[in-house]
Amino acid sequence: MTQKHQYCVVASRYDYTWQTPADWEDDAPEHLRLTARTFEAFIYRFWIENEIWFKTSRFFPDTLSSAQESYLEHYIDLET
């Protein structure tokens, strides 16, 4: 089975709520930014970052799981 369409998640500071790519005159507006290559990747990132925030906040302190620590280490490695 071949995929006819590929989906991703993009973000912009502008409101495109009522537009589709068919409404754009040329290519995608240059201020759109790729947030995730798949919807599943976006949801995972949304979920794990919220879990990390809650566990590291002073309101709900808790230890991070090994998956959460690995996630953070990945981004720390990118910084160095």
Side-chain angles (χ1 to χ4, degrees):
M1 181 172 163
T2 58
Q3 277 188 310
K4 191 172 185 177
H5 303 284
Q6 290 189 1
Y7 298 96
C8 64
V9 178
V10 296
S12 175
R13 64 179 175 209
Y14 300 104
D15 184 7
Y16 286 98
T17 305
W18 306 109
Q19 291 187 1
T20 66
D23 297 325
W24 304 335
E25 292 181 17
D26 295 317
D27 293 331
E30 62 187 47
H31 47 359
L32 286 178
R33 298 290 179 252
L34 179 66
T35 302
R37 296 203 177 276
T38 66
F39 182 70
E40 291 83 0
F42 174 77
I43 291 299
Y44 178 78
R45 184 176 178 184
F46 182 83
W47 167 77
I48 198 164
E49 289 178 1
N50 277 288
E51 288 287 314
I52 291 169
W53 183 89
F54 276 106
K55 286 186 174 187
T56 58
S57 75
R58 62 187 173 127
F59 303 110
F60 306 101
D62 199 358
T63 24
L64 297 176
S65 69
S66 59
Q68 293 163 339
E69 287 180 3
S70 295
Y71 183 85
L72 289 177
E73 286 172 8
H74 168 77
Y75 284 102
I76 290 169
D77 289 343
L78 291 177
E79 297 271 324
T80 59

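For reference, positions follow the sequence shown, starting with 1. What you see is a predicted model; the values in this text were computed from it and never measured.
Residues passing the side chain to side chain contact (heavy atoms under 4.5 Å, CB included) test with Leu64, sequence neighbours excluded: Ile52, Lys55, Thr56, Gln68, Glu69, Leu72. Arg45 meets the salt bridge (charged side-chain N to carboxylate O under 4.0 Å, His left out) test with Glu49; sequence neighbours excluded.
Rounded to the nearest 0.5 Å, atoms CD1 (Ile48) and OG (Ser65) are 6.0 Å apart.
Applying ring pair (Phe, Tyr, Trp, His ring centres under 6.0 Å) to Tyr44 and the options Trp47, Phe42, Phe46 leaves one that passes, Trp47.
The shortest non-hydrogen separation linking Leu32 to Val10 is CD2-CG2, 4.2 Å. Heavy atoms only, all atoms of each residue included: Cys8 and Ala36 are closest at CB-O, 3.3 Å.
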